[in-house]
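Scope of the values below: all heavy atoms of this structure, side chains included, with no hydrogens, waters or symmetry mates. Convention: sequence-line order gives letters A, B, ...; per-chain numbering from 1.
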Amino acid sequence: MAGYGDHEVSDDPLQILRHSTAHLLAAAVTELYPGVKYAIGPAIKEPPGFYYDFDFGKQVSDAELPAIESRMRRLANADIPYVHEVLPREQAIEEFRKRGQDYKLELIADKVSGDGVSVYRTGDFLDLCLGPHVRSTRDIKAFKLQRISGAYWRGDEKRPQLTRIYGTAWQTQRELDDYLKFLEEAEKRDHKKLGKDLKLFTVDDRVGPGLPLWLPDGATIRRELERFIVDEELMRGYLHVRTPDVARLDLYRQSGHAQLYAEYMYPPMRFEDGEELELRPVNCPHHIVVYQTELRSYRDLPLRIAEIGNNWRYERSGTLAGMNRVRAFALNDAHIFCTPEQLMDEVKGAIDLALYFSKVLGIDEFSYRLSTRDDVKDKWLGTEEQWEEAQAALAEALESMGQTYEVGKGEAAFYGPKIDFQVRDAHRREFTNSTVQVDFQLPQRFELEYVAEDGARKRPVMVHRGAAGSMERLFSYLIERYAGAFPTWLHPTQVVVTPIADAHNEYAQEVAARLRASRVRVEVDRRSERLDRKIRDAKLKKVPYVAVVGGKEVESGHVNAQNRAGEKVDMALESFVEMLTAEIAERRRPPQR
RNA sequence: GCCCACGUAGCUCAGGCGGUAGAGCAUCUCCUUGGUAAGGAGAAGGUCCCCGGUUCGAAUCCGGGCGUGGGCUCCA
């Protein structure tokens with residue numbers, strides 16, 4: 001059941017505690033800032049905590065949080081009960097009007113039906129609220145205010161921007177400390193930090209925001225990922241193509257992107273002769289053109305056209321984040337053209353591929369979201385019947401595979417519903433990686449056809465799918481997933497060979513050459529440093545194997561190698577090569593920490 | 001785009017209530033040739049994000065940009 005602020009009413013004790021802490025925050029704020037208007041303040045699951053939105057009528061900086069927090073503590077110690085009342089509508093309106101709480105009045109007008117208005121009192125603080133709450137402010141012991149940000153009233157950027165204060169609250173100090181420690185650890189795994197430390201990618205003002213550069217080691221990982229992805233797709237009957245990053249703007253007028261996706265598209269390049277070229281925000285129109293290079297027979301279907309294609313989207317500056325949200329990215333994209341009868345199998349096949357990639361890459365934790373349309377008519381193409389059919393197909397595919405999912409109303413693409421694979425970063429923020437979408441619109445707009453068994457021209461259905469997501473977002477995920485300690489097959493440097501002294505350089509080079517001959521990425525550390533130092537540096541770069549060679553190894557033709565866990569093996573060079581190449585070929589994942 | 005914070009050497013950071021800056025690591029040179037996570041010495045390295053303003057003088061104060069981070073909105 002929805003609460004007065006569109007948030008869930010929960011009887012989970014932790015959610016209740018956090019919700020009550022939000023009230024405590026508002027109570028402190030109303031004491032410290034006379035005339036402040038409070039809007040809504042729910043408990044939230046991710047990140048775990050709560051927020052409260054205020055209209056301070058002035059700028060407020062996070063330097064003011066400590067004062068607010070200590071007022072909260074004072075109120076908590078004062079043992080003030082949370083008192084529930086159901087007021088007659090008129091009385092509730094009068095109470096909030098007296099307090100000048102316009103946002104609450106709006107909520108009562110819009111959200112509260114019937115005569116009884118549920119409110120909670122904490123001392124002088126009065127809030128429109130369904131509860132439930134803790135008994136007393138004294139029940140709130142472990143909390144912390146975290147940050148301040150802007151948030152639009154009722155999520156609408158055309159309405160006033162409020163000041164949102166975020167905090168977290170836990171049953172015990174111990175749990176709070178653990179959570180704060182978790183945040184610190186997440187900071188260390190952050191792909192932006194590791195991307196810099198490990199020299200995987202860089203972002204430079206001169207190139208532009210949201211346009212990261214893949215440095216050699218990052219590019220190596222990407223190349224491995226792309227090889228893996230493309231090889232697997234070829235094995236599964238996809239045809240890989242290469243198409244340009246630009247097209248005439250008319251192509252996107254026909255697809256509908258120029259009309260419905262314009263806010264993400266770069267302004268077209270216009271030339272003297274009237275030519276208009278557009279950086280592509282998506283690959284589908286190009287793939288449709290590929291489809292139409294021949295008259296297709298039902299025998300050709302399903303036709304699976306794939307490409308790791310660059311897409312250009314002008315994302316608003318405030319939304320950019322490292323490699324996770326950028327303005328140019330390479331999507332592991334494919335468009336499957338099939339008959340309506342084949343649709344279900346193709347959707348399942350796409351899900352299965354995404355699952356396979358997830359398994360190999362170590363994406364262990366994800367959830368499905370079935371993204372559907374909402375009722376805003378001009379946002380979507382096509383008829384409601386088509387949408388129903390497509391949504392049913394996706395839901396059925398998931399259900400037949402025994403998967404559970406949540407529904408994301410209004411999250412669909414403009415041409416059809418989709419299944420999104422939601423994953424979480426080191427901070428447990430959720431984002432979409434893979435996606436599978438059913439589309440009846442573009443085939444129609446481009447008048448796609450195939451010749452059916454009976455010789456009639458029929459219209460194919462399209463499935464859009466990004467099985468491994470974009471290379472950029474995938475990369476940011478993997479960096480955080482592995483904290484930089486990538487599986488050996490992905491790591492930019494698979495082995496560092498460390499001669500103990502100059503006398504062993506020659507043998508080290510032989511070892512390296514032997515490994516390279518088996519396509520192992522290897523470096524020889526010939527610096528005139530001590531062994532300890534070389535091992536330390538390799539470990540910091542999270543290199544999977546350090547192969548030490550000294551007098552004994554030269555003598556025996558062995559290497560003395562240690563992995564990232566510090567486990568040492570002493571074996572003949574050929575055995576080492578064999579062990580490594582097997583691990584790489586199987587794309588083995590490192591043991592869990 | 002909007003809100004809050006931040007922007008000092010390649011990196012991580014000190015410092016500076018207005019008098020053109022410092023450490024550690026990295027880099028370079030030399031010494032050292034050492035068996036499993038930092039050997040020693042020296043050198044070099046900065047228009048203190050950019051542009052204006054105030055001032056005898058701005059890295060420091062003020063204004064405006066740009067960028068980064070966290071949110072809002074949105075999304076692969």
Rounded interatomic separation in angstrom, taking CD1 from A/I148 and C1' from B/C4: 7 Å
Ring centers of A/F54, A/Y52 separated by less than 6.0 Å: yes
Those residues of residues 256-263 of chain A lying under 4.0 Å from RNA chain B by at least one heavy atom: none
Spacing of A/K541 atom NZ and A/D537 atom CG [to the nearest 0.5 Å]: 7.0 Å
Interface residues of residues 503-512 of chain A with RNA chain B (non-hydrogen, below 4.0 angstrom): none
Interatomic distance at C1', B/G53 relative to B/G15, whole Å: 26 Å
A/K379 NZ to A/L260 CG distance, which is reported to the nearest 0.5 Å: 10.5 Å
By side chain to side chain contact (heavy atoms under 4.5 Å, CB included) - contacts of A/S149 (at least two apart): A/R164, A/Y166
Parallel, tilted or perpendicular: ring planes of A/F421 versus A/F366, cut at 30 and 60 degrees: tilted
Inter-nucleotide P distance (B/G45, B/G7), Å rounded: 26 Å
Under the side chain to side chain donor-acceptor pair (under 3.5 Å) test, residues paired with A/R304 that sit two or more places apart: A/E346
Output field: ring centroids A/H257/A/F414 closer than 6.0 Å: yes
Whole-Å gap separating C1' (B/C4) and CD1 (A/I68): 13 Å
Closest listed nucleotide, where the reference is the side chain of A/Y166 and the choices are B/C72, B/G67, B/G35: B/C72
Value in whole Å for how far the C1' atom of B/C75 lies from CG of A/L331: 12 Å
Contact state string [nucleotides 37-45 of chain B, B base, S sugar-phosphate only, - no protein heavy atom under 4.0 Å]: BBB------
Residues forming a salt bridge (Lys or Arg N to Asp or Glu O under 4.0 Å) with A/D62, sequence neighbours excluded: none
Gap between atom CD of A/E480 and atom NE2 of A/H191 - 0.5 Å precision: 6.0 Å
Atom-to-atom span, CZ of A/R527 to C1' of B/U27 - whole angstrom: 12 Å
Whole-Å gap separating C1' (B/C3) and CG (A/L65): 13 Å
Sugar-phosphate only, base, or nothing, as touched by A/R147 at under 4.0 Å among non-hydrogen atoms: sugar-phosphate
Touch class at under 4.0 angstrom, heavy-atom based, for A/A501 against every strand present: base
Presence of donor-acceptor pair under 3.5 Å, side chain of A/Y152 and base of B/G1: yes
Spacing of the C1' atoms in B/A59 and B/U20 (rounded, Å): 8 Å
Sugar-phosphate, base or nothing in reach of A/L162, heavy atoms under 4.0 Å: nothing
Mutual orientation of the aromatic rings belonging to A/F431 and A/Y477 [parallel < 30°, tilted 30-60°, perpendicular > 60°]: perpendicular
Residues in salt bridge (Lys or Arg N to Asp or Glu O under 4.0 Å) contact with A/D352, at least two apart in sequence or another chain: A/R236
Side-chain N,O (A/K192) to OP1/OP2 (B/G70) below 4.0 Å: yes
Listed nucleotide nearest any side-chain atom of A/R473, set B/C4, B/G35, B/A76: B/A76
Nucleotide B/G71, atom C1' - distance to CD of A/Q146 in whole Å: 12 Å
Ring geometry between A/Y415 and A/H464 (parallel below 30°, tilted from 30 to 60°, perpendicular above 60°): parallel
B/A5 versus B/C17 - spacing of their P atoms, nearest Å: 22 Å
N/O (side chain, A/T319) to phosphate O (OP1/OP2, B/C75) under 4.0 Å: no
Backbone of A/K552 reached by a side-chain donor or acceptor of A/S556 within 3.5 Å: yes
Side-chain donor-acceptor pair present, A/Y266, A/R327, cut-off under 3.5 Å: no
Nearest-Å distance once atom C1' is located in both B/C48 and B/U33: 42 Å
Between A/W153 and A/D55: side-chain donor-acceptor atoms closer than 3.5 Å: no
Near-strand residues of residues 412-432 of chain A, defined as heavy-atom separation under 4.0 angstrom from RNA chain B: A/K418, A/R429, A/T432
Test side chain to side chain contact (heavy atoms under 4.5 Å, CB included) applied to A/K58 - qualifying residues, sequence neighbours left out: A/Y33, A/F56, A/V60, A/E64
Separation of atom CD in A/E411 from atom P in B/C75, rounded to whole Å: 6 Å
Touch class at under 4.0 angstrom, heavy-atom based, for A/N433 against every strand present: sugar-phosphate
Sugar-phosphate, base or nothing in reach of A/K196, heavy atoms under 4.0 Å: sugar-phosphate
Sugar-phosphate only, base, or nothing, as touched by A/G551 at under 4.0 Å among non-hydrogen atoms: base
Base of B/G35 paired with side chain of A/E553 (donor-acceptor, under 3.5 Å): yes
Length of the line joining A/R526:CZ and B/U32:P, which is rounded to integer Å: 18 Å
Sub-4.0 Å heavy-atom contacts from residues 52-64 of chain A onto RNA chain B, ordered by number: A/Q59, A/V60, A/S61, A/D62
Contact nearer the 5' end of RNA chain B, comparing A/D156 with A/G322: A/G322
Sugar-phosphate only, base, or nothing, as touched by A/G155 at under 4.0 Å among non-hydrogen atoms: sugar-phosphate
Heavy-atom check, side chain of A/F475 versus side chain of A/P212, under 4.5 Å: no
Whether A/Q437 side chain and A/I419 backbone form a donor-acceptor pair below 3.5 Å: no
A/Q509 side chain to A/E506 backbone, donor-acceptor under 3.5 Å: no
Qualifying residues under ring-ring contact (aromatic ring centres under 6.0 Å, His included), relative to A/F182, sequence neighbours excluded: none
hbond_proxy A/D205 side chain to B/U68 base (donor-acceptor, 3.5 Å cutoff): no
Contiguous Watson-Crick or G-U pair runs (3 or more, under 3.5 Å) in RNA chain B: B:1-7 with B:66-72, B:10-13 with B:22-25, B:27-31 with B:39-43, B:49-53 with B:61-65
P atoms of B/A9 and B/C49, separation to the nearest Å: 7 Å
Distance-only polar pair, side chains of A/R424 and A/S367, donor-acceptor under 3.5 Å: no
